[in-house]
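Right, I'll just put the structure down here and ask away after.
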Amino acid sequence: MNKTITTPLTEDVAKTLSAGDIVSITGVIYSARDAAHKRMTETLAAGGTLPFPIQDAVIYYLGPSPAREGQVIGSAGPTTSGRMDAYTPQLLEKGLRGMIGKGKRSAEVIEAMKKTKAVYFAAVGGAGALLSKHITKCEVIAYDDLGTEAIHKLYVEDFPAIVVIDCEGNNLYE
Amino acid sequence: MREISVEKVTDAVRKMCMETNYTLSADMQKVLAEAAHTEESPLGQEILAMLEKNLSIAEEEKIPICQDTGMAVVFLEIGQDVHFTGGSLAEAVNRGVALGYEEGYLRKSVVKDPLIRENTNDNTPAVIHTEIVDGDGVRITLAPKGFGSENMSKVFMLKPSDGREGVREKIVSAVKDAGPNACPPMVVGVGIGGTFEKCALLAKKALLRETGKHHPDAHIAALEEEVKNECNALGIGPAGLGGNNTVLAVHIETFATHIAGLPVAVNICCHVNRHSTVEL
Ligand code: SF4
């Protein structure tokens with residue numbers, strides 16, 4: 001089914017999504033990949049606060065290529081989500097509601113998603129030029145020194161994704 | 001003796017870094033178009049249509065096809081009658097990579113130390129494979145390799161008794177394990193024989209072959225076809241979301257091996273199988 005959703009992604013909306021749904025996402029999402037996840041986890045362990053409001057947030061596992069002059073962002077497709085699995089359950093505990101990436105998730109992540117009612121979306125891997133057209137604004141909000149791995153606040157419009165794992169734990173990859 | 005300035009190498013590498021990241025070779029575009037034609041799953045068709053559109057945007061607007069613009073793998077085939085002038089050859093290659101990645105707005109994805117993990121900020125060093133061949137020519141092939149698929153690659157040290165069946169089974173299992181992580185439809189490079197490192201290098205080289213072209217030996221060509229069909233029957237499909245196009249091609253390269261061994265390497269590449277070759 002085709003669905004349009006906006007962020008922040010509330011629990012009520014998350015519950016209406018089922019594995020296999022094709023969605024268009026509009027609103028603010030945040031990029032974070034390996035290094036940013038590591039830092040966020042370290043921040044939490046030290047009792048600090050995360051660089052963006054995590055409640056009902058959607059994280060995009062993305063490290064974009066640099067933008068040319070006049071471009072919002074460079075190529076901007078998903079990276080492999082499984083590398084973030086070790087860090088994900090803690091972020092889900094803190095209120096993270098959606099994740100956009102590609103590839104399989106661990107049993108621990110899926111369990112945590114069921115518990116906290118979160119959704120995992122796939123964006124099409126290797127379609128970064130096309131996906132960049134759905135990003136209308138981009139600013140680095142944290143971990144500037146990480147370059148492509150910094151946290152970017154992204155405004156997306158009709159960003160195409162597919163619900164792979166819904167908050168009941170149904171998994172389209174299976 | 002033919003003299004070649006290393007500056008020519010730098011320039012060729014610089015250009016190929018950009019070209020490979022904006023435009024897929026004609027053979028890759030052809031097999032992708034064929035996949036779009038044969039795909040049975042409606043979602044799979046939609047994804048393949050997105051990939052085609054992505055390729056045209058990338059080419060027209062010089063936006064990298066994929067944000068993972070890869071680690072640069074460079075193959076140098078150097079004629080034994082060539083003498084390079086003007087400095088170090090390896091430095092010339094790396095300078096070409098640094099220039100190309102900067103000028104082309106390509107992502108710098110290389111960390112200096114695999115454990116400390118600080119970005120080198122210019123995508124160097126490249127992985128350079130050098131081979132001395134007859135003659136006075138120089139052939140440079142550049143293949144930026146993305147790691148979503150590289151991470152799913154495998155080496156198996158099989159026993160001779162595992163034979164053809166064992167090899168077939170291992171290739172299919174590697175593709176199955178790679179699944180959605182490797183951005184299917186994939187190109188599968190396989191090396192059989194040699195030693196531990198030789199089979200891995202053969203697998204990498206197999207990815208450079210014209211896509212879909214079979215091995216000249218009939219029994220290897222038959223194995224390629226069989227494995228391809230078996231992989232496509234797995235149902236992984238485009239983006240791993242189901243369908244009959246899981247692999248675009250299986251390329252196998254072989255080499256003599258030891259009486260006690262049967263090494264097999266499977267180098268998985270995504271649908272963004274980038275490479276380009278120039279001759280100096
Ligand atoms: S596996 Fe290939 S298509 Fe997928 S993100 Fe990596 S380079 Fe891009």
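Worth knowing before you read on, the calculation uses all heavy atoms, side chains too, and leaves out hydrogens, waters and symmetry mates.
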### Query
When you look at CD of Glu102(B), are more than 12 heavy atoms from neighbouring residues, nucleotides or ligands closer to it than 6.0 Å?
no
### Query
Which atoms form the tightest heavy-atom contact between Gly74(A) and Ile63(B), and what is the distance?
C-CG2, 4.2 Å
### Residues, nucleotides or ligands: over 12 heavy atoms within 6.0 Å of Asp145(A) CG
yes
### Message
At a 4.5 Å cut-off on heavy atoms, which part of Ala67(A) comes close to chain B: side chain, backbone, both, or neither?
### Response
backbone
## Note on the structure
Heavy atoms of Cys183(B) and Gly126(A) approach each other most closely as SG-N, 4.3 Å
### Task
Determine the option with the most heavy-atom pairs under 4.5 angstrom with chain A, choosing from Glu46(B), Glu118(B), Lys62(B).
Lys62(B)
### Query
Checking Tyr101(B) against chain A: side chain, backbone, both or neither under 4.5 Å from a heavy atom?
neither
### Message
Would Glu61(B) and Lys133(A) count as a side-chain contact (heavy atoms from CB on, under 4.5 Å) here? Give the steps.
### Response
CA-CA 11 Å; Glu61(B) 301 187 31; Lys133(A) 299 292 173 189; 2.5 Å; yes
### Query
Given that the side chain runs from C-beta out, which part of Ser81(A) has a heavy atom under 4.5 Å from chain B: side chain, backbone, both or neither?
neither
### Message
So which residue, Lys53(B), Met50(B), Lys108(B), ends up with the most heavy-atom pairs under 4.5 Å with chain A?
### Response
Met50(B)
### Task
Could you check if a side-chain atom of Pro180(B) sits within less than 4.5 angstrom of a side-chain atom of Lys102(A), using non-hydrogen atoms only?
no
### Task
Decide yes or no for Ser65(A) and Leu106(B): does some side-chain heavy atom of the first lie under 4.5 Å from some side-chain heavy atom of the second?
no
### Query
Just how far is it from atom OH of Tyr105(B) to atom CD of Glu69(A), taken to the nearest 0.5 Å?
6.0 Å
### Query
Which heavy atom in Asn54(B) sits nearest to a heavy atom in Leu130(A), and how many Å separate them?
OD1-N, 2.7 Å
### Task
Start with the C-alpha gap between Leu51(B) and Val124(A), add the side-chain angles, then the distance that decides, and say whether side-chain contact (heavy atoms from CB on, under 4.5 Å) holds.
CA-CA 8 Å; Leu51(B) 296 184; Val124(A) 175; 3.7 Å; yes
#### Entry: Atom pair CG (Asn121(B)) and OG1 (Thr148(A)), whose distance is rounded to the nearest 0.5 Å
11.0 Å
#### Entry: Contacting moiety of Ala127(A), where chain B heavy atoms sit under 4.5 Å
both
### Query
Distance from Glu149(A) atom CD to Ser109(B) atom OG, nearest 0.5 Å?
9.0 Å
### Query
Would a 4.5 Å heavy-atom cut-off, applied to side chains only, mark Gln67(B) and Leu131(A) as touching?
no
### Message
Could you check whether atom NZ of Lys30(B) has more than 12 heavy atoms from other residues, nucleotides or ligands sitting under 6.0 Å from it?
### Response
no
### Task
Go through the steps to decide whether Ile65(B) and Ser75(A) satisfy the test side-chain contact (heavy atoms from CB on, under 4.5 Å), and finish with yes or no.
CA-CA 7 Å; Ile65(B) 302 164; Ser75(A) 195; over 6 Å; no
### Message
Which atoms of Leu55(B) are under 4.5 Å from chain A, going by heavy atoms: the side chain, the backbone, both sets, or neither?
### Response
neither
### Query
Of the backbone (N, CA, C, O) and the side chain (C-beta and beyond), which part of Gln71(A) lies under 4.5 Å from a heavy atom of chain B, both, or neither?
side chain
### Message
If you compare all heavy atoms of Arg68(A) against all heavy atoms of Gly104(B), which two are closest, and at what distance to 0.1 Å?
### Response
NH2-O, 3.8 Å
### Query
Asn181(B) and Lys104(A): side-chain contact (heavy atoms from CB on, under 4.5 Å), yes or no, with the steps?
CA-CA 7 Å; Asn181(B) 292 26; Lys104(A) 301 171 201 172; 3.8 Å; yes
### Query
Can you check whether Leu241(B) reaches Val164(A) side chain to side chain, under 4.5 Å on heavy atoms?
yes
